[in-house]
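Structure record follows, encoded as structure tokens.
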Amino acid sequence: EGGGSSTGESGLLVTPGPAAAAVFSYVGGRLADCYGHRAVMVPGALIFALGGAWLGIGISEEPAIWTVWIPGVLLLGIGITGVLATRESNSNLRSIYEDRAVPLQQLFEIGSRMKDNTTLLFEAATDGRAGKPAGSAAAKVARNVETISKNWSEYMSTYLTPEEKGIADAFTPKRAAYVEQGLKPGLALLADRKYDELATLLSGKARELFDLANVDLEKLVALQVREAKGGYDAAERQYLVSIGIAGAILLTGLLLGGLI
């Protein structure tokens, strides 16, 4: 026992703080998602400081549980939740995922399927020269072209920076030229069993067109990585600034509580 209260009573007296923190932790996280770190951390720090000042002013030798202690502990619990709520916030990371990681995955698949088309036609030409059946190369190339077009359309519908849009606009006609002047003539040669001409096309004109398109595709991939890093660094800076402001307010509240 201590201060006129039993151990059980003392435990009950500190319960409102953790209880308030548990109740408001989810709310604080959602508010941080919607309005940002600072909009939750600074008010939380102010509430925490108010709770400290309230206890510092009101606590005396005479117990005032309902008018001083419980309101003060509640304010501390709610306030610290606001300060720590951003640990549950994932809005900035979600933005990076939606704006950068998803498009990056689309670009990787586009590049992979473009390379796969060239490989499929080369293998078909090699098999044809050896007297082996070409298999389903033509059907696979057609499916790849369709999937690439779908992914590119989805990518172009996402948010693009001016630099990104410029590179994407340059890639579009280059990729079209690769399809029209490289893949389609190659498929026609494959259908006609002109395997030597197909190999010549793939190692010459088609390869040149592929390389031109691939340069822009690699630029887009590098840009996605750069922008994702920039977004993460900005979110981290914002978080650290908010932590600094909240910490200063908390310290001020604790000092005021001790002085008063």
Considering residues at least two apart in sequence or located in another chain, which fulfil the side-chain contact (heavy atoms from CB on, under 4.5 Å) criterion with [X]?
{"X": "Asp196", "result": "Arg129"}
{"X": "Thr119", "result": "Glu123"}
{"X": "Lys132", "result": "Asp127, Ala130"}
{"X": "Glu180", "result": "Lys184"}

Side chains of [X] and [Y]: does their closest heavy-atom pair fall under 4.5 Å?
{"X": "Val141", "Y": "Asp116", "answer": "no"}
{"X": "Asn117", "Y": "Ile148", "answer": "yes"}
{"X": "Asp192", "Y": "Leu198", "answer": "no"}
{"X": "Asp169", "Y": "Met156", "answer": "yes"}

Between Glu146 and Lys150, does any NZ, NE, NH1 or NH2 come within less than 4.0 Å of an OD or OE carboxylate oxygen?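 So Lys150 does not pair with Glu146 through a salt bridge.
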
NZ/NE/NH1/NH2 to OD/OE distance under 4.0 Å, Arg226 and Glu164: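 Salt bridge absent between Arg226 and Glu164.
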
N/O donor-acceptor pair under 3.5 Å between Thr147 side chain and Arg143 backbone: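 Answer holds: yes.
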
Show your reasoning for whether side chain to side chain donor-acceptor pair (under 3.5 Å) applies to Glu109 and Asn151. CA-CA 8 Å; Glu109 184 169 7; Asn151 280 329; 3.1 Å; yes

Which atom names give the shortest non-hydrogen contact between Leu190 and Ala137, and what distance separates them?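 Smallest heavy-atom distance, with atoms named: CD2-CB, 4.3 Å.
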
Over all heavy atoms of both residues, which pair between Pro103 and Thr158 is shortest? Give the atoms and the distance, please.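 Between these two residues, the closest heavy atoms are CG-OG1, 4.3 Å.
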
Just to verify, what does Tyr195 make a ring-ring contact (aromatic ring centres under 6.0 Å, His included) with, not counting sequence neighbours? none

Are [X] and [Y] linked, directly or through other ILVMFWY residues, by side chains that come within less than 4.5 angstrom of each other?
{"X": "Leu212", "Y": "Val179", "result": "no"}
{"X": "Phe171", "Y": "Val102", "result": "no"}
{"X": "Tyr159", "Y": "Val221", "result": "no"}
{"X": "Val215", "Y": "Leu104", "result": "no"}
{"X": "Val225", "Y": "Leu217", "result": "yes"}

Side chain to side chain donor-acceptor pair (under 3.5 Å): pairs with one or both residues in residues 170-179, sequence neighbours excluded: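 Qualifying pairs: Thr118-Tyr178, Ser149-Arg175, Trp152-Thr172, Lys174-Asp216.
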
Once you round to the nearest 0.5 Å, how far does [atom1] of [X] lie from [atom2] of [Y]?
{"X": "Gln181", "Y": "Leu201", "atom1": "CD", "atom2": "CG", "answer": "10.0 Å"}
{"X": "Leu107", "Y": "Gln224", "atom1": "CG", "atom2": "CD", "answer": "5.5 Å"}
{"X": "Met114", "Y": "Leu183", "atom1": "CE", "atom2": "CG", "answer": "8.0 Å"}
{"X": "Ile167", "Y": "Leu160", "atom1": "CD1", "atom2": "CG", "answer": "10.5 Å"}

